[in-house]
Amino acid sequence: MNDSFFVRVASVSVLVLLFLSQFLPTAYVELKAVFLLTAIVCVLAAMLTGRLFLQHWQVCGLAVLVTTALLFSAYGVVRGNPGASRVLSVWLLWPLVYLFFTSLMQQANSYAWLSRVFVISLWAVTLYGYLYLGNASGIVPDYLYIELDQGQNVGFYEGFVEFRLYSISSLIFLVPFYLHLVLEKHKRKSNQFAVLTLLTLLAAVLLAIMTGRRALLLVLLLLPFTILFSNRFLGNELKLKTNFPAIFLLSLLCLGIFGIGMMFDLRSEAIYDMFLEGFDFSSQHSASERAIQFYSLIDGWLESSIFFGAGNGAAASILRSDEFPWAYELTYVYLIFSTGIVGLLIYFGWFGYGLFKLREAIKSRPDLIIHVAPMLTASLSFCIAAATNPYFGKFDYLWIVLLPFFLAGWTKYQSLVKEK
């Protein structure tokens, strides 16, 4: 066995782990641990043979992230915070997992494979979502539906459907990625709007609407602006080619959404009212609950330390969960509550540093922008949704906020390989 074997095995393990994180988030931890351990062993073996390496700025960036997490968790332990050690496992593990992602750098077509994994994940999440809805409504027989551990729950209301699956959160990343990827491919090839592409868009967008997740609906509404920002930031022009087959297929997409909506008795005004209620703190339960959390976290921040917060794993006066008292939906408000102004500046500065390193790296490999731009759009969309949802408190999704930093390292490495 040579070092290239270890790199290939580690790459496959990482790609499978990413698929499982998207398709089966929260559950099946033991299965994911198998692929994670496989990647760790193979990457360490490849490092010992000199095949894998990190650039100096990557090591420094990871050191800052890990050190910040350690210090604020130690601060939390001193203050007696209930979740100081528990949150450390998430914040510390994924930055270290970055070392194992370096195995993907060694593959010339790593971006293409990563894009394929995200597309396959979208297919899997969408298909299982419809199978569950079909089974719950009596359309799909039991022998065609396999019940996975995904926290299934559904409610059929007048004018809209609201259901729950853990994997639905993955659509916040996958739908923006896929739509931007389609646009990038269409820019390069005018007949790119194939039937399968539009069927995927039809199914994924409609499923996203039927989830009743306001964060997901908000991401879809902001998606044109997010795509525009990603392209402008990376210096990428998105000029679409117009042709009659594409217009015809896009028209079919709109008609398909309308037809399936009629089948499930979906009404746009009901969905619109449901969406607005999520931002009315006075009338909607979940919104008013977030308002209570907001004021509780802000008061707790002001009462502790404005500069350093209350430490990792701290709990405010209002508890959202007795089992996990440090878990709150307002991600960035909780960040300033637990780490103060100093922590907020470090984490946001780290994210911004990754963005600018990515823009710098893509200049030497503009051919990779077809994959990089959609991934950046997806990462930014997920960060938007995380403002009112605790997605980054889970191992399965924390890597998304680190993705721009990952992409910067991969792109820089690919440019160095090309120069050689």
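- Residues T377 and T226 bring no donor and acceptor atom of their side chains to less than 3.5 Å of each other.
- Residue R232 qualifies as open at atom CZ: its count of foreign heavy atoms under 6.0 Å is 12 or below.
- Ring centers of Y397 and F173: at least 6.0 Å apart, outside the cut-off.
- Checked against F405 for a side chain to side chain contact (heavy atoms under 4.5 Å, CB included), the options L358, L62, L355 give a single hit: L62.
- Between H371 and F177 the shortest heavy-atom distance is O-CE1, 4.5 Å.
- Under a cut-off of 6.0 angstrom, the local environment of CZ in R164 is sparse, with at most 12 non-hydrogen atoms contributed by other residues, nucleotides or ligands.
- Checking side-chain atoms of N312 against main-chain N and O of A84 turns up no donor-acceptor pair under 3.5 Å.
- Within 6.0 Å of the CG atom in L144, the count of heavy atoms belonging to other residues, nucleotides or ligands exceeds 12.
- Side-chain atoms of S379 do not come within 3.5 Å of backbone N or O of M375 as any donor-acceptor pair.
- Between Y145 and Y128, the ring centre distance stays below 6.0 Å.
- Checking each of L202, I168, L165 against L207 for a side chain to side chain contact (heavy atoms under 4.5 Å, CB included) leaves exactly one that passes, namely I168.
- With S121 contributing its side chain and F23 its backbone, the two residues share no donor-acceptor pair below 3.5 Å.
- Inter-residue side-chain proximity for L148 and Y28 is flagged as met; some heavy-atom pair is nearer than 4.5 Å.
- Y75 is not listed as a side-chain neighbour of L71, based on a closest heavy-atom distance of 4.5 Å or more.
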>> If you apply the rule side chain to side chain contact (heavy atoms under 4.5 Å, CB included), what do you find for L380 with S230, and how did you get there?
In response: CA-CA 9 Å; L380 293 175; S230 297; 3.8 Å; yes

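- L206 CG to L201 CG: the interatomic distance, rounded to the nearest 0.5 Å, is 12.0 Å.
- The aromatic rings of Y332 and F392 sit tilted, their planes meeting at an angle between 30° and 60°.
- Listed here is the closest heavy atom pair of D367 and R365: OD2-NH2, 2.7 Å.
- When atom types are taken as modelled, the side chain of S364 and the backbone of A361 share a donor-acceptor pair closer than 3.5 angstrom.
- Outside the 6.0 Å centre-distance limit, the rings of F337 and F294 are not counted as a close aromatic pair.
- A distance of 6.0 Å or more separates the ring centres of F406 and W399.
- Residues L181 and V119 form a side-chain contact, since some pair of their non-hydrogen atoms from C-beta on lies under 4.5 Å apart.
- Between the Q150 side chain and the S167 main chain, a donor and an acceptor come within less than 3.5 Å of each other.
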> Going through the distances and angles, do H180 and N231 end up as a side chain to side chain contact (heavy atoms under 4.5 Å, CB included)?
Replying inline: CA-CA 10 Å; H180 196 168; N231 283 315; 3.4 Å; yes

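- The aromatic rings of Y328 and Y334 sit parallel, their planes meeting at an angle under 30°, below the 60° perpendicular limit.
- Counting heavy atoms from C-beta outward, Y111 and L407 have side chains that approach closer than 4.5 Å.
- With contacts defined as side-chain heavy-atom distances shorter than 4.5 Å, the pair L127/L131 qualifies.
- In Y353, the OH atom is crowded: over 12 heavy atoms of neighbouring residues, nucleotides or ligands sit closer than 6.0 Å.
- For the pair L171/Y178, no side-chain contact is recorded, criterion being any heavy-atom separation below 4.5 Å from C-beta on.
- Proximity of V401 to F382: side-chain heavy atoms (C-beta onward) are nowhere separated by under 4.5 Å.
- At most 12 heavy atoms of other shown residues, nucleotides or ligands fall within 6.0 angstrom of atom CZ in F307.
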